[in-house]
There are 2 protein chains.
Amino acid sequence: MVGRVIRYLDIADELAAELVGLPPGTRVAGEHDITRRFDVGRAAARAALQELERRLLVRRVQGAGTFVNRRIDYVISQDRRPSWHETVSAAGARPRSVVRGVDVVGLPDDIAARLQLPAGTPAHRLQRVSYIDDLLASCSHEWVPVATVPELGAAMHAAESLDLVLRQVARVEPVRAWTRVSLDVPPPDVLAGLELEASVPVWLVESMSRDGAAGAPVMCSSGWMRADALRVVVELGSSSAT
Amino acid sequence: MVGRVIRYLDIADELAAELVGLPPGTRVAGEHDITRRFDVGRAAARAALQELERRLLVRRVQGAGTFVNRRIDYVISQDRRPSWHETVSAAGARPRSVVRGVDVVGLPDDIAARLQLPAGTPAHRLQRVSYIDDLLASCSHEWVPVATVPELGAAMHAAESLDLVLRQVARVEPVRAWTRVSLDVPPPDVLAGLELEASVPVWLVESMSRDGAAGAPVMCSSGWMRADALRVVVELGSSSAT
DNA sequence: GAGTGGTCTAGACCACTAC
DNA sequence: TAGTGGTCTAGACCACTCC
């Protein structure tokens, strides 16, 4: 079983073994290097690197090179209140969030249903993107009924965390009431929002938060997160065992 | 913006538009067809089909052809008791499960911790694979302490559902106590178990069930499910809104 | 400008499936 | 056996990033 007939898988395995332990962002051998080192054509060299990319071991950037990938665990559970900054910092990377836009719109049907409000109810719509180091890894829409906070735009441009703004400005305590997580190949507009050209799988996280344990719905969000950069882990039930 | 420079993406878009509404399993144009129809080389034709495969729109089988893919929603939530047969049948496909082996082993550390039992406690280990039509889509290990059911092998070979066997033979009522869901590119042995050669993303679902609402742990499982065949959806919290 | 990865051609041989 | 997709070579041009 040692002699496999598929050249690029052998090359990929050999390279993969050399990658373990290297810090994320480290530059690895390029297609040309592999061509010379293993005496293969460019197709085989390329296939080997693409295999490593499929394994989420490396990230390839046109014009720049191939680098060791970092994949961060993003844990979602009932008790935990997830924070982009905490999660990303804890993994040793630099988090960043940018507000792309805040406006007031009438709630569309699906979002209104989630917030248990009539469609058309005025709400702030917050568009944000989040980064891991300098990689755009997440983009999300968040809705907050105007009734909850009359003013959101100014506060959000100053603060990083919507959760914090809601607590301090609106005096509410958002608690995760409902969350749905899945994975899809997103439509072109979402891919564009994540600055992705290729079709790749992306997490879809939808949620709704209430004030306190069972109060009024105060917030609702839909976010897409790159699956190659984040490993979403969803936990149901008591986390008594490991 | 109409004239894109990347040929294979145009071809993929055009083919994708022609796929909508076709029943799963329908044969679609092969690489050779595309080569002739769009007057491109095989590399471009191949790239187009691979793009459709990345979008999970088609499934390619060496030697056989390219076919419209079927992706089934598999919903996991606290209240729901998921059943392979129910889920797959509801999607209009033919479910099948095969017991690959039943034996009694001492619980390994990680599984023992999940079941809150001492490591080495004797338990039945059940290895199963499940199919959607004739596609091997899931493989799983399930552990049941011998104390819960002295005999499992005979019963499982006759019945499809472990849940049913536990209810009828062991007189327990398994309730989902803890579940963790994520997505990974699995190690080679799991890929082999799913009869996959390429490295593809696969769901990992781990769970533990108790007897009744808060009784003794009765079952614990780890399963891998092909992400191209199943869209796992995890729901946390009350499913009050759509 | 040098070097990277992305696209593409025109071939070739092979593994596999279906008939 | 015919036809499919999988691997691979040896080229080519291009888009992009970095210096």
Side-chain angles (χ1 to χ4, degrees), chain A residues 1 3-15 25-54 57-69 133-136 191-192 195-200 228, chain B residues 1 3-15 25-54 57-69 133-136 191-192 195-200 228:
Chain A
M1 282 301 286
R4 185 159 33 180
V5 232
I6 302 173
R7 201 86 166 74
Y8 81 86
L9 287 179
D10 287 329
I11 298 174
D13 286 342
E14 190 164 335
L15 294 175
T26 306
R27 188 198 200 82
V28 307
E31 299 182 355
H32 200 62
D33 303 311
I34 295 172
T35 285
R36 281 185 275 103
R37 172 171 164 192
F38 294 93
D39 191 32
V40 292
R42 203 186 150 199
R46 182 174 176 69
L49 286 178
Q50 284 177 327
E51 169 69 15
L52 295 183
E53 193 175 28
R54 276 193 297 271
L57 296 178
V58 302
R59 194 158 54 84
R60 317 190 69 201
V61 183
Q62 178 173 171
T66 301
F67 309 89
V68 174
N69 185 43
D133 291 331
D134 287 313
L135 176 71
L136 202 174
L191 283 174
E195 292 171 10
L196 291 167
E197 318 81 29
S199 291
V200 292
D228 58 345
Chain B
M1 280 305 284
R4 183 160 34 180
V5 230
I6 301 172
R7 202 85 165 74
Y8 81 86
L9 287 179
D10 287 330
I11 298 173
D13 286 342
E14 191 163 335
L15 294 175
T26 307
R27 189 198 199 84
V28 307
E31 300 182 356
H32 200 62
D33 303 312
I34 295 173
T35 285
R36 281 186 275 104
R37 172 172 164 190
F38 294 93
D39 191 32
V40 292
R42 204 187 149 197
R46 182 174 176 70
L49 286 179
Q50 284 176 328
E51 168 69 15
L52 295 183
E53 193 175 30
R54 276 194 298 271
L57 296 179
V58 304
R59 196 157 54 83
R60 317 190 69 201
V61 182
Q62 179 173 173
T66 301
F67 308 90
V68 174
N69 185 42
D133 290 333
D134 287 313
L135 177 71
L136 204 175
L191 283 174
E195 292 171 10
L196 291 167
E197 316 78 29
S199 291
V200 291
D228 57 345

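Letters A, B, ... are given to chains in the order of the sequence lines, protein chains preceding strands, and every chain is numbered from 1.
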Protein heavy-atom contacts under 4.0 Å, written 5' to 3' over nucleotides 14-19 of chain C as B (base), S (sugar-phosphate only) or - (none), form the string -BBB--
Which residue is it: B/L9, B/L15, B/L57, B/V58? I am looking for the one with a side chain to side chain contact (heavy atoms under 4.5 Å, CB included) to B/E51.
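Of all the options given, the one that passes is B/L9.
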Does B/R7 reach the main-chain N or O of B/F38 with its side chain, forming a donor-acceptor pair under 3.5 Å?
yes
Check: A/D10 main-chain N/O paired with A/D13 side-chain donor or acceptor under 3.5 Å:
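A pair under 3.5 Å: no.
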One thing to verify: whether B/R36 and B/D39 come together as a salt bridge, which I'm taking to mean a side-chain N less than 4.0 angstrom from a carboxylate O.
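Salt bridge: no.
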Could you state the atom-to-atom distance from [atom1] of [X] to [atom2] of [N] in whole Å?
| X | N | atom1 | atom2 | result |
| --- | --- | --- | --- | --- |
| B/I11 | C/dC8 | CD1 | P | 7 Å |
| B/R60 | D/dT4 | CZ | P | 11 Å |
| A/Q50 | C/dG6 | CD | P | 7 Å |
| B/E51 | C/dC8 | CD | P | 11 Å |
| A/E53 | C/dT4 | CD | C1' | 14 Å |
| B/L52 | D/dG5 | CG | P | 12 Å |

Is there a side-chain polar atom (N or O) of B/Y8 under 4.0 Å from OP1 or OP2 of C/dT7?
yes
Any side-chain N or O of B/T66 under 4.0 Å from OP1/OP2 of D/dG5?
yes
Which residues within residues 25-43 of chain A lie with some heavy atom under 4.0 Å of an atom in DNA chain C?
A/R27, A/G30, A/E31, A/R42
Once you round to the nearest 0.5 Å, how far does [atom1] of [X] lie from [atom2] of [Y]?
| X | Y | atom1 | atom2 | value |
| --- | --- | --- | --- | --- |
| B/E31 | B/Q50 | CD | CD | 7.5 Å |
| A/I34 | A/L49 | CD1 | CG | 3.5 Å |
| B/T66 | B/D33 | OG1 | CG | 9.5 Å |

Would B/I11 and B/V40 satisfy side-chain contact (heavy atoms from CB on, under 4.5 Å), going step by step from the backbone distance to the final call?
CA-CA 10 Å; B/I11 298 173; B/V40 292; 4.1 Å; yes
For B/R46, report the nucleic acid contact type (base, sugar-phosphate, nothing); a contact means any heavy atom under 4.0 Å.
base
Would you say that more than 12 heavy atoms from the other residues, nucleotides or ligands in this model lie under 6.0 Å from the CZ of A/R59, or not?
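For A/R59, atom CZ is not crowded (no more than 12 foreign heavy atoms under 6.0 Å).
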